[in-house]
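Small disclaimer: the values here were computed from a predicted structure and weren't measured.
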Amino acid sequence: MKFEQHLSQQQKQVQRLAMTQQLQQSIQVLQYNTEELQVFIENKALENPLIELQNNVSDFTYSGSSSGQYNSEKDSNLMNQIPDNHLSLFEYMIDQIHLNYRDTFLRKLVLFLAEFIDLNGYLTISLEKAAEQTGADAIQILDALVLLQQLDPAGVGARDLRECLLLQIERDDRSPALAYIIIEEEFEAFANRKWSLISKKFDIELSEVQEVFDYVQTLTPSPGNVFGSTAGLYIRPDLKVKISEGRPIVVSNKEGLPTIRFQQAYFSKMEKTADPEVQEYISEKKKEFEWLQKTMVQRGDTILRVGTEIVERQQDFFMKPERPLKPMTLKEIAEKLDIHESTVSRTVNGKYLETDFGSFELRSFFSQGLASSDNDGEDTSVSDVKKQIKQLIEQEDKAKPISDQKLVEKLKENNIEIARRTVAKYREALNIPSSSKRKRYD
């Protein structure tokens with residue numbers, strides 16, 4: 001058998017989309033939220049002598065609650081817990097250790113343990129291993145742990161949730177009398193709502209166990225979280241909605257973002273130089289400025305177009321007090337505006353819209369439709385179904401909470417037919433426990 005190899009040279013014309021670095025950056029700029037965009041612009045200004053920044057007045061909006069509304073008492077308490085100077089949890093603890101404890105071997109052990117505190121405030125090294133690595137004995141390591149757990153925030157240095165709650169309870173003069181001993185001796189039974197067992201053991205009423213439960217709900221399972229949550233505490237909305245002549249109107253909000261200006265005098269001076277390398281450099285930097293200016297305008301226009309279409313489709317949300325949302329998908333917006341679905345996705349993530357009743361992320365206006373049982377051609381959004389579930393549970397008799405099956409029946413009365421497991425899924429998404437765990441003993 002004879003094998004032959006045929007070699008030939010042919011020219012082929014192939015179309016390819018080459019994604020340049022600037023195209024990649026343009027896509028990234030659209031994806032940036034306002035804070036990330038500001039950092040990006042400032043970095044560009046540092047790299048490019050032709051870019052001058054003019055800062056605008058910053059316009060911050062509090063985003064502490066999901067509804068976008070400000071709760072003065074709750075939020076002021078939160079603000080009081082936030083450490084100054086944007087310290088990390090580790091830095092905050094190190095400062096306290098140096099301030100409160102003398103320079104002894106015991107302080108060195110406390111500093112060692114502090115290195116093993118995670119972002120939630122928990123100790124991640126066993127005392128046995130700590131003793132082995134430091135050469136200290138078990139008593140010395142335990143003493144160091146006690147000192148560590150006396151630091152702020154309350155609960156820091158705990159090795160598990162039970163200890164974290166105990167550390168907070170023992171510092172709180174307002175805690176119920178039996179809170180500490182119940183958590184210490186019957187934590188599992190308490191967490192699993194085996195309250196009859198606790199009632200019998202401590203010879204107390206179920207209402208007293210309920211009081212302890214309500215109190216424990218006010219404690220934090222992650223004392224270190226306050227140090228990691230300050231970055232998102234304030235937002236700069238990209239859009240604003242105002243009601244004009246009975247209709248919501250969308251406008252861009254450019255406050256807080258720096259305005260970029262071209263350094264014409266510097267460019268004219270450098271352009272006159274005879275050095276070809278300088279000529280090439282200054283030409284490249286001018287093109288970079290023009291690209292940045294164009295990209296910023298495109299980003300703003302895209303956000304405004306998408307935001308305007310969202311508001312147009314969700315007018316009831318802005319006009320009616322119950323804030324209903326219609327089913328809406330990214331694909332629908334993309335088709336209407338003749339842009340790619342991924343562009344809509346990048347546009348709505350991390351971009352906020354400010355109203356008179358709060359600020360909302362653009363992506364929160366999207367939800368799939370859920371067909372209603374009366375077949376009238378109208379769809380109910382998943383968010384509306386969740387809202388109805390939440391309202392039904394809020395209105396229930398707390399001594400006799402309604403089951404998921406009962407929720408199915410009540411929703412059916414409102415022409416919404418969904419399975420019990422779907423109700424359970426939506427309830428869990430709302431962080432609402434099952435009926436057996438919602439029962440109160442007041």
Review point. Which value, rounded to the nearest 0.5 Å, describes the distance between Thr124 atom OG1 and Glu115 atom CD?
Key: 10.5 Å
Revision key, fill the gap. Sorted by chain and residue number, the side chain to side chain contact (heavy atoms under 4.5 Å, CB included) partners of Gln395 (sequence neighbours excluded) come out as Gln391
Practice item. Indicate yes or no for a side-chain donor-acceptor contact from Thr422 to the backbone of Ile418 under 3.5 Å, with no hydrogens or angles considered. Key: no
Check your understanding: Is there a donor in the side chain of Asp172 and an acceptor in the side chain of Gln168, or the other way round, less than 3.5 Å apart?
Key -> no
Check your understanding: Hey, what do you get for NZ (Lys200) to CG (Leu206), rounding to the nearest 0.5 Å?
Key -> 10.0 Å
Check your understanding: If you round to the nearest 0.5 Å, how far is CG of Asp238 from CD1 of Ile303?
Key -> 4.5 Å
Check your understanding: Can a salt bridge be assigned to the pair Arg323 and Asp316 using a cut-off of 4.0 Å between side-chain N and carboxylate O?
Key -> no
Practice item. Grab the two heavy atoms, one from Tyr122 and one from Ser222, that are nearest each other, plus how far apart they are. Key: CE1-CA, 4.5 Å
Check your understanding: Which residue, Val311, Leu239, Thr347, forms the side-chain contact (heavy atoms from CB on, under 4.5 Å) with Val306?
Key -> Thr347
Practice item. Please check if the side chain of Arg107 supplies one atom and the backbone of Tyr101 the other of a donor-acceptor pair under 3.5 Å. Key: yes
Exercise for review: Using a strict cut-off of less than 4.0 Å between a Lys/Arg side-chain nitrogen and an Asp/Glu carboxylate oxygen, indicate whether Arg162 and Asp160 qualify as a salt bridge.
Suggested key: no
Review point. With no hydrogens and no angle check, do the side chains of Gln38 and Arg236 hold a donor and an acceptor under 3.5 Å apart?
Key: yes
Check your understanding: So which of Lys406, Lys410, Arg438 actually passes side chain to side chain donor-acceptor pair (under 3.5 Å) with Glu396?
Key -> Arg438
Check your understanding: What is the distance from atom CG of Asn48 to atom NZ of Lys287, rounded to the nearest 0.5 Å?
Key -> 13.5 Å
Study note, to complete from the structure: The single option from Ile181, Leu197, Val209 that satisfies side-chain contact (heavy atoms from CB on, under 4.5 Å) with Phe202 is Ile181
Review point. Is Glu332 paired with Arg313 through a side-chain N to carboxylate O contact shorter than 4.0 Å?
Key: yes
Check your understanding: Just by modelled atom types, is the Leu30 backbone N or O under 3.5 Å from a matching donor or acceptor in the Lys351 side chain?
Key -> yes
Practice item. Return the minimal non-hydrogen interatomic distance between Tyr32 and Leu37, and the atom names on each side. Key: CB-N, 3.8 Å
Review point. Quick one: are Gln388 and Leu407 in side-chain contact, heavy atoms under 4.5 Å?
Key: no
Exercise for review: Side-chain contact test, heavy atoms from C-beta onward, threshold under 4.5 Å: evaluate it for Phe190 versus Val212 and give yes or no.
Suggested key: yes
Point to revise | Lys/Arg N to Asp/Glu carboxylate O, Asp397 vs Lys439, below 4.0 Å | key: no
Exercise for review: Using a 4.5 Å cut-off on heavy atoms from C-beta on, say whether the side chain of Thr218 contacts that of Tyr215.
Suggested key: yes
Point to revise | Main-chain N/O of Gln28 paired with Arg346 side-chain donor or acceptor, under 3.5 Å | key: no
Check your understanding: So does Lys201 have more than 12 non-hydrogen atoms from other groups sitting under 6.0 Å from NZ?
Key -> yes
Under 3.5 Å donor-acceptor pairs involving side-chain atoms of residues 243-250, not counting sequence neighbours:
| from | atom 1 | to | atom 2 | distance (Å) |
| --- | --- | --- | --- | --- |
| Arg247 | NH2 | Glu312 | OE1 | 3.0 |

Check your understanding: At their closest point, which heavy atom of Pro153 faces which heavy atom of Leu89, and how far apart are they?
Key -> CD-CD1, 4.0 Å
Check your understanding: Between Lys194 and Glu186, is the closest basic N to carboxylate O distance under 4.0 Å?
Key -> no
Practice item. Give a yes-or-no answer on whether the side chains of Gln31 and Glu36 include a donor-acceptor pair shorter than 3.5 Å. Key: no
Point to revise | Glu341 side chain vs Ala334 backbone, donor-acceptor pair below 3.5 Å | key: no
Review point. Just by distance, do the side chain of Arg363 and the backbone of Val348 share a donor-acceptor pair under 3.5 Å?
Key: no
Practice item. Give a yes-or-no answer on whether the side chains of Glu91 and Ser88 include a donor-acceptor pair shorter than 3.5 Å. Key: yes
Check your understanding: To the nearest 0.5 Å, what is the distance between OG1 (Thr295) and CD1 (Ile260)?
Key -> 9.0 Å
Check your understanding: Do the side-chain N and O atoms of Glu354 and Asn253 include a donor-acceptor pair separated by under 3.5 angstrom?
Key -> no
Review point. Is the side chain of Asp137 donor-acceptor paired with the backbone N or O of Ile139 at a distance under 3.5 Å, no angle test?
Key: yes
Check your understanding: Side-chain donor-acceptor pair under 3.5 Å between Asp404 and Ser435, yes or no?
Key -> no
Check your understanding: Just checking, is any N or O donor in the side chain of Ser436 or Ser434 under 3.5 Å from an acceptor N or O on the other one?
Key -> yes
**Study point:** Arg171 atom CZ, neighbour heavy-atom count above 12 within 6.0 Å
**Key:** yes
Revision key, fill the gap. dist Ile141:CD1 -> Ser126:OG (nearest 0.5 Å) comes out at 9.5 Å
Point to revise | From CA spacing to verdict: side-chain hydrogen bond (donor to acceptor under 3.5 Å, both in side chains), Glu163, Gln149 | key: CA-CA 10 Å; Glu163 187 174 38; Gln149 292 177 342; 3.3 Å; yes
Exercise for review: Count the heavy atoms of every other residue, nucleotide or ligand shown that sit under 6.0 Å from NZ of Lys294, and state whether that count exceeds 12.
Suggested key: no
Review point. Do Ile333 and Phe366 have side-chain heavy atoms sitting under 4.5 Å apart?
Key: yes
Practice item. Enumerate the residue pairs fulfilling ring-ring contact (aromatic ring centres under 6.0 Å, His included) with a member in residues 312-332, sequence neighbours excluded, ordered by first and then second residue. Key: Phe317-Phe357, Phe317-Phe360, Phe317-Phe365, Phe318-Phe365
Check your understanding: Is there a donor-acceptor contact under 3.5 Å from the side chain of Glu428 to the main chain of Lys425?
Key -> no
Review point. Closest approach of Ala158 and Leu167, non-hydrogen atoms and distance?
Key: CB-CD1, 3.9 Å
Review point. Would you say Thr302's side chain and Gln298's backbone share a donor-acceptor pair under 3.5 angstrom?
Key: yes
Exercise for review: Taking all non-hydrogen atoms of both residues into account, name the closest pair between Pro433 and Asn431 and its distance.
Suggested key: CD-O, 3.8 Å
Review point. Does Arg193 count as lying over the ring of Phe213, i.e. NZ or CZ under 6.0 Å from the six-ring centre, within 45 degrees of the axis?
Key: yes
Review point. Are Lys386 and Lys390 close enough that some pair of their side-chain heavy atoms sits under 4.5 Å apart?
Key: no
**Study point:** Beyond-backbone contact of His98 with Leu111, side-chain heavy atoms, under 4.5 angstrom
**Key:** yes
**Study point:** side chain to side chain contact (heavy atoms under 4.5 Å, CB included) between Glu188 and Asn192, worked out
**Key:** CA-CA 6 Å; Glu188 292 296 329; Asn192 293 318; 4.0 Å; yes
Point to revise | Enclosure of Asp203 CG (heavy-atom neighbours >12, cutoff 6.0 Å) | key: no
Study note, to complete from the structure: For Gln314 and Pro324 the tightest heavy-atom approach is OE1-O, 4.4 Å
